[in-house]
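All chains are named by letter (A, B, ...) in the order of the sequence lines, taking the proteins before the strands, and each is independently numbered beginning at 1.
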Amino acid sequence: MPETAAPLVPLGRAPGPLTHASVMAGRSLRVSLRNSDALIMSLALPIMLMLIFVYFFGGAIETGAGYDSYVMYVVPGVLLLCAGFGAATTATAVSEDMKGGIIDRFRSLDVGGTPVLAGHVAASTVRNLFATVLVFGVAVLIGFRPAASWSGWLLVATVLIAYIVALSWISAAIGLLARSPEAASGFTFFMSFLPYPSSAFAPIEKMPDWLHGFAENQPITPAIESLRGLLLGEPVGNAPWIALAWAGGMLAVAIAASGVLFRIRTR
Amino acid sequence: MPSPSTQEKPPYAIEAHGLTKSYGNHGKPAVRVLDHLDLRVAHGSVFALLGPNGAGKTTAVRILATLTTADSGTARVAGYDVVADRSAVRRAISLTGQFAAVDETQTGEENLRMMARLTGLSRPAARRRAEELLERFRLTDAARRPARTYSGGMRRRLDLAAGLTGSPEPGVFFLDEPTTGLDPRSRQELWEVVRGLAERGASVLLTTQYLEEADRLADRIALLDKGSIAAEGSAADLKGRVAGHRLDLVLTSRDAYLRLTGRAVHHSPETLTVGLPTDGSAAHVRALLDEIDPAGTEIDRFTLHSATLDDVFLALTSEVPAHA
């Protein structure tokens with residue numbers, strides 16, 4: 001193809017996807033800080049959930065030997081439950097973006113879909129980490145006494161962040177799939193339920209037989225097992241690595257799926 | 001495909017050949033939105049794409065702004081191919097769509113800084129750029145307020161400013177129905193903004209449903225009808241072909257009605273009314289009346305209307321636009 005006229009408009013340097021993603025993350029954080037109702041909800045809900053589990057159900061749940069109190073058992077479950085709830089708001093935020101004209105604006109500024117989603121996921125991760133610290137604080141107040149080593153804490157943080165990022169990105173993909181923000185928030189509901197059929201709140205052995213296969217092999221279980229073991233200073237075997245592999249796999253699938261969905265939605 | 005025109009002729013800011021686009025709809029037959037659209041917008045000119053809803057205006061803009069791709073045909077914007085050099089096109093253009101594309105919860109200033117950062121400016125440079133643009137678009141007083149509190153006109157101005165944050169400033173502007181839904185005063189203000197862009201030497205492609213808007217702003221106007229250009233020229237050219245007014249005549253007899261329907265752009269058999277194109281001047285109206293009814297017996301009453309877009313379309317395409 002022979003080149004025709006020389007370009008008329010001289011262009012400045014093009015910023016890379018990392019610059020775009022960091023600007024997008026700043027935007028998402030600013031917007032979530034302004035949305036005070038949702039912010040209060042995302043911080044209050046995990047604490048309420050923990051208090052409900054510990055004080056309402058805790059007395060009735062037999063967790064087996066090795067746990068001084070139910071709070072020692074349930075903290076990892078509450079952390080992952082609130083990671084699911086927190087991540088779910090990403091779907092609504094992404095869906096709101098797709099509904100308005102802002103995505104066209106970003107695209108006309110040559111910002112790709114992945115940086116836009118990465119911004120939402122980064123903001124979701126920061127929000128979730130705040131909630132996580134809050135949950136830990138309240139847990140300690142009501143009797144949680146972690147016995148993790150320094151390396152244990154490091155691994156706890158790694159596993160938690162990996163799950164928050166993976167769940168947030170899945171949620172972002174759901175936000176692209178849903179035709180409205182309301183539908184998006186509905187779709188993410190199942191994600192928030194995933195911790196229940198696992199060892200998060202009650203031992204799997206107490207569940208019906210047919211559920212064992214799913215409960216033992218679903219992605220939340222290795223995360224629960226490794227967080228609980230690490231926090232209590234017990235041997236965890238390869239559970240953290242299985243958990244990280246799950247998180248990595250889920251993240252890879254979510255990134256690939258959201259890339260395809262973004263192209264379809266903006267065609 | 002080599003485009004011979006760009007070799008000798010002056011460079012065009014926007015150049016499209018044979019753009020065709022159909023949208024399929026869940027098994028229903030595909031609707032052809034653009035049908036071999038050809039466009040040439042000279043560098044530094046304001047070009048209006050005039051047409052009713054559904055004529056394909058937005059689709060044309062979205063293809064030229066790289067937001068969607070044509071099924072066939074080629075286009076170059078600012079000298080770059082819209083498919084092969086998509087990123088370069090994006091950095092050379094500014095797009096303002098029908099719906100303001102700003103964050104409602106961010107302030108005007110935050111929106112502009114964010115956009116400026118996305119175009120690659122450093123933090124301090126982005127702050128300066130945002131200040132400049134707020135000043136230029138008279139939004140300085142509202143800079144610290146969330147965009148959701150802005151009036152329709154302010155929002156459009158913010159949206160326009162958001163498309164201008166790049167450095168160097170984009171040279172080609174796409175304004176898709178920039179004044180639809182605005183009150184008359186905001187519309188005037190936005191027209192000033194567009195004139196300001198033109199004075200700075202920018203090339204502007206604007207779409208509109210309003211004849212008056214195209215007339216006030218554009219150097220050249222193209223009438224878009226069912227996905228291709230029905231007529232193109234300067235405002236004066238088109239006015240020569242499309243009368244600016246319509247003279248509605250209520251006739252006294254069916255014979256007179258039938259005799260005049262051939263040259264009418266508006267018919268109402270029930271009331272024996274025909275509408276004829278006119279420039280609205282007393283001289284032309286008098287001449288028309290004398291010519292049609294020399295005896296002074298066939299015309300009962302008359303009324304004079306400003307020509308609507310429908311009349312323009314009737315005159316140039318002899319077909320009622322989709323939304324009529």
With a cut-off of 6.0 Å (strictly less than), are more than 12 heavy atoms of other residues, nucleotides or ligands near [atom1] of [X]?
X        : atom1 : value
A/Phe187 : CZ    : no
A/Phe130 : CZ    : no
B/Arg144 : CZ    : no

Study note, to complete from the structure: Okay, B/Arg62 and chain A: the region with an atom under 4.5 Å from a heavy atom over there is side chain
Check your understanding: Does any heavy atom of chain A fall under 4.5 Å from the side chain of B/Thr105, the backbone, both, or neither of them?
Key -> both
Review point. Would you say the side chain of B/Arg117 lies within less than 4.5 Å of the side chain of A/His20, judging by non-hydrogen atoms?
Key: no
Point to revise | Side-chain heavy-atom pair B/Glu110, A/Arg27 within 4.5 angstrom cut-off | key: no
Point to revise | Taking every non-hydrogen atom, the tightest pair across B/Ala101 and A/Gly101 | key: CB-O, 3.3 Å
Revision key, fill the gap. One option among A/Asp104, A/Asp97, A/Ile103, A/Leu109 has the most heavy-atom pairs under 4.5 Å with chain B, and it is A/Asp104
**Study point:** Pair A/Arg105 + B/Asp159, salt bridge at N-O below 4.0 Å
**Key:** yes
Point to revise | chain B contact via A/Thr266 - side chain, backbone, both or neither, heavy atoms under 4.5 Å | key: backbone
Point to revise | Heavy-atom contact with chain B under 4.5 Å, split by part of A/Arg34 | key: side chain
Review point. Should B/Asp103 and A/Arg30 be marked as a side-chain contact (heavy atoms from CB on, under 4.5 Å) after you check the CA-CA gap, both sets of side-chain angles, and the distance that decides it?
Key: CA-CA 11 Å; B/Asp103 261 332; A/Arg30 228 172 6 251; over 6 Å; no
**Study point:** B/Arg90 (side chain) donor-acceptor with A/Arg107 (main chain) under 3.5 angstrom
**Key:** yes
Review point. Counting heavy-atom pairs under 4.5 Å to chain A, which of B/Thr66, B/Leu67, B/Thr68 comes out on top?
Key: B/Leu67
